[in-house]
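Comments concern the structure below.
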2 protein chains.
Amino acid sequence: MTHAPIPAITAADKTFYNLRTDIVEGRITAGSKLSEAELSTKYGVSRAVIREAISRLVSCHIVERKANIGARVVALTPEGLIELYQVRESLEGMAARLAAQNMTPAQIDDLNTLLEQHAASVKDSQSYYQEAGDVDFHYRIIIGSHNNQLITLLTEGIYHLVRMYRVQLGMAGPRVTTAFAEHQHIAQAIANRDAELAEMLMRRHITYSRQNIEHKLHSSQTLPQA
Amino acid sequence: MTHAPIPAITAADKTFYNLRTDIVEGRITAGSKLSEAELSTKYGVSRAVIREAISRLVSCHIVERKANIGARVVALTPEGLIELYQVRESLEGMAARLAAQNMTPAQIDDLNTLLEQHAASVKDSQSYYQEAGDVDFHYRIIIGSHNNQLITLLTEGIYHLVRMYRVQLGMAGPRVTTAFAEHQHIAQAIANRDAELAEMLMRRHITYSRQNIEHKLHSSQTLPQA
DNA sequence: TTTAATTGCATTGTCGACAATATAGCTATA
DNA sequence: TATAGCTATATTGTCGACAATGCAATTAAA
C-alpha cells in the first residue's frame, strides 16, 4: 500500500506528514488559511514546529505563504492540474527512458510480477487497482531511472500535489483497463531496453490521462470557491 | 544581469538569499557543515532565522540535513551534475515546446532582440556572452512556457543547483559560438510555432552541453573531497 | 453620507532560554 | 592493549514571550 519508508523522527517531521496528509486527503480544504496558533493547539506542538512544517509544505508547492500575512493551501484551478500533468509527462517520460537503460534485471522482474498481480485483480474485482496499483507502477519506473534528482522531484514533490488535486477536484475516475494495457506496453519496452519507445509510450500514457481529466473538467463545470 | 525581481522582505528571506549565493558562488564550499550558532553570529540574526533559511535550502536540494546531527552543503559528485542535466533536458525540452505554443508575439520579439544583442557581443568581445546571456535566453523560454509549475521548478530550484555545480566543479567553459547558433535555431522554431522541433532542438542543445561537461570531467579527473 | 485617519486587535516574525540528542574523551575491565 | 560503558560537552530541537506588521472597526472631518 505505502511505498516509501517513513523516517519520521522529530516532531516537526510528524507534524509535516500529518498536515500534508490532512491537506492531500481533503480534511483541510484547498484555499483555506493555515493559522499557526490554531494548528499549534490542534496538533499539540509549539508554533515553531508548525512554522517549520508549513515551510516544508511551501517548498512542496502545497501551501503558499505571504510575508506578515499568512499561509494558505494553494487554490486548485483546473489549469493548475493540467500544468502538473504536463510536467509529469516530461519528467516521467524521461524516467521511463532512463529506466529502460538503467533498471536492473531484478527490478524488471519485479515490475512484471507487479503487472501480473494487477492483471489478476483486474480480472476479478476490478476496482482495487485504481489508485495504489497505478501509483506503484509509476513509482517503480521512477526508482528504476536511478536518477536521484528525478526521483526526489517526483516522489516527494509532484506526486503529492497531483494526488491532492485529484482528490479535491473529484478525479478518482476509472480508465482502469485501458491504462493497464498501456502499462503492459511500457513494461515491455523497458524489458526490451528500448529507451526511445519507453519514453514515447510513457508520455502518451500520461497525455491520455491528462486528456481524460480535461474531458471531465469540461463536462462538469463546478469550480471550487476562490 | 539579474532576471527575477527580488522580493526580499523578512530577515529570513535575506538570510536565505545571502546564504544561497554564498554557497552557489563557492564562498561556502561544497560538503561543509552549516553550524547554526556560527551562521547566527556571522549573519547577525537569531538561530531561528538561520534554521528557516537552512530549511529552505534543504528544499532547494542545495543542503542536506539529518535530524539531531546537522546540515551540510550537498556533496558534488560528477554523477549528480549529469543527473541534473538529464532533468534539465526533460524540463526545458517541455518548456520549449510549450513556449512555441504559448509565447506571445511580444515575447517572441523580445527573444529575437536578445539574440541580436548576443550576436553583436559575440562578434565584438566574445567573452561576456558566456554565463548571463545563456541564462537569459533559457529564462525567457521557460517563462514563455506559461506553465507555472515548470517555471517555479526551474527558476527557483534547478537553476541555482546547476550554477553551484558548475562554479564549484570549475565548469565555466566556452562552447560559446556553437551554443549561440543552437539558440538561433531554437528561437526560429518557436517563432514558427513548431512545438515538436523546438522541443527536439532544446533537448539536443542541452544534451550537447551535458556531453561537453562529461568530456571535461573525464579529461580532468580531480574529485573533490568526500 | 462618504471618506480618510487613527486606534485597537489579531497574526506573523524574531529572539533567547531550556530540553533532547549525538559525539568525543575518559575510565574501568577483560 | 583493546573494548565496553560512562561522562562531559557541544549541537540541534522545542518552547514561550516579545516585537513588528497587517487588518478592521471606530471616529472625525469634509
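Lettering of chains follows the sequences in order, A, B, ..., and the numbering in each one begins at 1.
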Using a distance-only test with no angle check, is there a side-chain donor-acceptor pair under 3.5 angstrom linking [X] and [Y]?
X       : Y       : answer
R65(B)  : S55(B)  : yes
H61(B)  : H160(B) : no
H118(A) : D136(A) : no

Classify the nucleic acid contact of L34(B) as base, sugar-phosphate or nothing, counting any heavy atom under 4.0 Å across all strands shown. sugar-phosphate
Please determine whether a side-chain nitrogen or oxygen atom of K33(A) lies at a distance below 4.0 Å from atom OP1 or OP2 of dT12(C).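 Result: yes.
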For H205(B) and H138(B), take the angle between the two ring planes, folded into 0 to 90°, and tell me which bin it lands in: parallel under 30, tilted 30 to 60, perpendicular over 60. parallel
Parallel, tilted or perpendicular: which describes the rings of Y139(B) and Y159(B), with under 30° parallel and over 60° perpendicular? perpendicular
Do I143(B) and I151(B) have side-chain heavy atoms sitting under 4.5 Å apart? yes
pair V162(B)-Y85(B): side-chain heavy atoms closer than 4.5 Å: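 Answer yes - side chains close enough.
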For R203(A), is there an ion pair with E199(B) - N to carboxylate O distance below 4.0 angstrom?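 Counted as a salt bridge, because a side-chain N and a carboxylate O are separated by less than 4.0 Å.
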Going 5' to 3' along DNA chain D, which are the first and last nucleotides with any atom under 4.0 Å from a heavy atom of chain B?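 Footprint of chain B along DNA chain D, 5' to 3': dT11(D) to dT14(D).
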At a heavy-atom distance below 4.0 Å, what parts of residues 44-52 of chain B sit against DNA chain D? R47(B), R51(B)
Residues from residues 56-72 of chain B lying under 4.0 Å of DNA chain D - heavy atoms: A67(B), N68(B), I69(B), G70(B)
Nearest-Å distance, CD (E36(B)) to P (dT21(C))?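 So the two atoms are 16 Å apart, to the nearest Å.
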Would you confirm whether N102(B), through its side chain, and S145(B), through its main-chain N or O, come within 3.5 Å as a donor-acceptor pair?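 Indeed, once roles are kept as given, a pair shorter than 3.5 Å links the two residues.
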Spell out, as yes or no, whether a donor-acceptor pair under 3.5 Å connects the side chain of Q101(A) to the backbone of A195(A). no
